[in-house]
2 protein chains.
Amino acid sequence: MSHMLYHRLMALDRDQVLRSAAALLTRKSTATMDEVAKAAGISRATLHRHFAGRDALVRALEALGIEECEAALEVARLDEGPAAEAVHRLVRAIEPAAGLLSFLYTENQLFEGEQQHQGWARIDERLTALFRRGQESGEFRIDLTPAWLTEALYGLLASGAWAVAEGRVAAKDFTYMIVELLLGGARRTNA
Amino acid sequence: MSHMLYHRLMALDRDQVLRSAAALLTRKSTATMDEVAKAAGISRATLHRHFAGRDALVRALEALGIEECEAALEVARLDEGPAAEAVHRLVRAIEPAAGLLSFLYTENQLFEGEQQHQGWARIDERLTALFRRGQESGEFRIDLTPAWLTEALYGLLASGAWAVAEGRVAAKDFTYMIVELLLGGARRTNA
DNA sequence: AGCATGTGAGACATTCTTGTCTCACTACAG
DNA sequence: CTGTAGTGAGACAAGAATGTCTCACATGCT
């Protein structure tokens, strides 16, 4: 196996392992390296060849989550059109990654002392900018701060993913439920 | 020390230990028994005399959370007046327990195989009943299911508690932010 | 004083997870 | 065929957390 080919295949393997690890840890956040390996269909030794340890695995998952978030931000074109529609596009684009996001959202609470990944700060900034844009254009109310709306979006994505996984809401309603609640709220508008 | 007095003091101690454990685990969900004991100002041995093990401690915290939730449900008088105001009273009453709720909300994901505490089912039922009542009275929209509204409330309580702990929103705005977002949403009403 | 109770400190074995290493096996390229 | 690379299985030690136990000390009652 040539040098080039080796690296290409390893990268593929690594990504697939990462995906299955994400899927498993989304359901059981305390899964051991052995369980992660078995879920990926490889041995613990091979898992360790891909990721130096559990820490490295979580870091890689974090990088994957940031990557998918930023990809979703690109797809959603947050700067174009009404902010409400941009939020809708965003949630739709981010839905596949919601489970992983949910895992990372709770996992981040463990990185207490250490600084959190710079990528999250950039994503936060782009989200708050979106909500701020909505406020300045008159679409969104100004008494709910952009920072809170961002945090609430994370929370709703997490509970949405959890509710879908538990079967309490249909997967096809995920985006609708979140966007409608975040933007419109539960109160019936008499319009 | 008499028999009666013994039990009374133990109960007091136990409750205080439980409170401090809740406060600690809310911030660091992976704290060890040793850390929990130190945070409570007692030794690990004494902690073990109160709670047979970490499992028993978490169970006791779960019972405490259920207890405080049901107390909040009573205080909020969910059956009286407009459903929207009942939601407001509920969030205000449940605010002190939001941190503990947040901890239990994520911890529950670990009780995968086992059945969850029956108390949560009762609380869920009362919350969905509240949202259903709001729908039937015409206050709430009918396209967001009561089950989802209940789940979303949990999620918003969790992110609210987290955002306050991180200093991203002011503690005094906790109830307002959650209630306004849950009921009114981010979109500005042109009324 | 004498006694009982609760506590803190620490030792100890146990269990679980992790990280490292070795060895045999398979697939594939030359 | 032969060597090389990757893998799986398993052994192994190290570390952390838990659960249990003992012992000395303090407190308060009789």
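What's counted below: heavy atoms across the whole structure, side chains too, no hydrogens, waters or symmetry copies. In the text below, chain A, chain B and the rest are named by the order of the sequence lines, each starting its count at 1.
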What's the [atom1]-[atom2] distance between [X] and [N], to the nearest Å?
{"X": "Phe51(A)", "N": "dT7(D)", "atom1": "CZ", "atom2": "C1'", "result": "16 Å"}
{"X": "Leu57(A)", "N": "dG19(C)", "atom1": "CG", "atom2": "P", "result": "10 Å"}
{"X": "Leu47(B)", "N": "dA17(D)", "atom1": "CG", "atom2": "C1'", "result": "13 Å"}
{"X": "His50(B)", "N": "dT5(C)", "atom1": "NE2", "atom2": "C1'", "result": "13 Å"}
{"X": "Gln16(B)", "N": "dG6(C)", "atom1": "CD", "atom2": "C1'", "result": "16 Å"}
{"X": "Lys38(A)", "N": "dG8(D)", "atom1": "NZ", "atom2": "C1'", "result": "10 Å"}
{"X": "Asp13(B)", "N": "dT5(C)", "atom1": "CG", "atom2": "P", "result": "17 Å"}

- Message: Considering only residues two or more places apart or on different chains, which pairs with a residue in residues 139-151 of chain B satisfy salt bridge (Lys or Arg N to Asp or Glu O under 4.0 Å)?
- Response: Arg168(A)-Glu151(B), Glu180(A)-Arg141(B), Arg141(B)-Asp143(B)
Donor-acceptor contacts, no H, no angles, side chain residues 75-86 of chain A, under 3.5 Å, sequence neighbours left out:
from	atom 1	to	atom 2	distance (Å)
Arg77(A)	NE	Glu80(A)	OE1	2.9
Arg77(A)	NH1	Val75(A)	O	3.4

- Query: Closer than 4.0 Å, any side-chain N/O of Ser43(B) to the OP1 or OP2 of dA9(C)?
  - Reply: no
- Message: Closer than 4.0 angstrom, basic N to acidic O: yes or no for Arg59(A) and Glu107(A)?
- Response: no
- Task: Tell me, please, which residues at least two apart from Glu125(B) pass salt bridge (charged side-chain N to carboxylate O under 4.0 Å, His left out).
- Result: none
- Item | salt bridge (charged side-chain N to carboxylate O under 4.0 Å, His left out) involving Glu70(A) - partner list, sequence neighbours excluded | Arg122(A)
Nucleotide N/O to protein N/O under 3.5 Å, stretch nucleotides 18-25 of chain D:
from	atom 1	to	atom 2	distance (Å)
dT18(D)	OP2	Met33(B)	N	3.0
dG19(D)	OP2	Arg54(B)	N	3.3
dG19(D)	N7	Arg44(B)	NH1	3.2
dG19(D)	O6	Arg44(B)	NH2	3.1

- Query: How would you list, by chain and number, every residue that makes a side chain to side chain donor-acceptor pair (under 3.5 Å) with Thr145(A), sequence neighbours excluded?
  - Reply: none
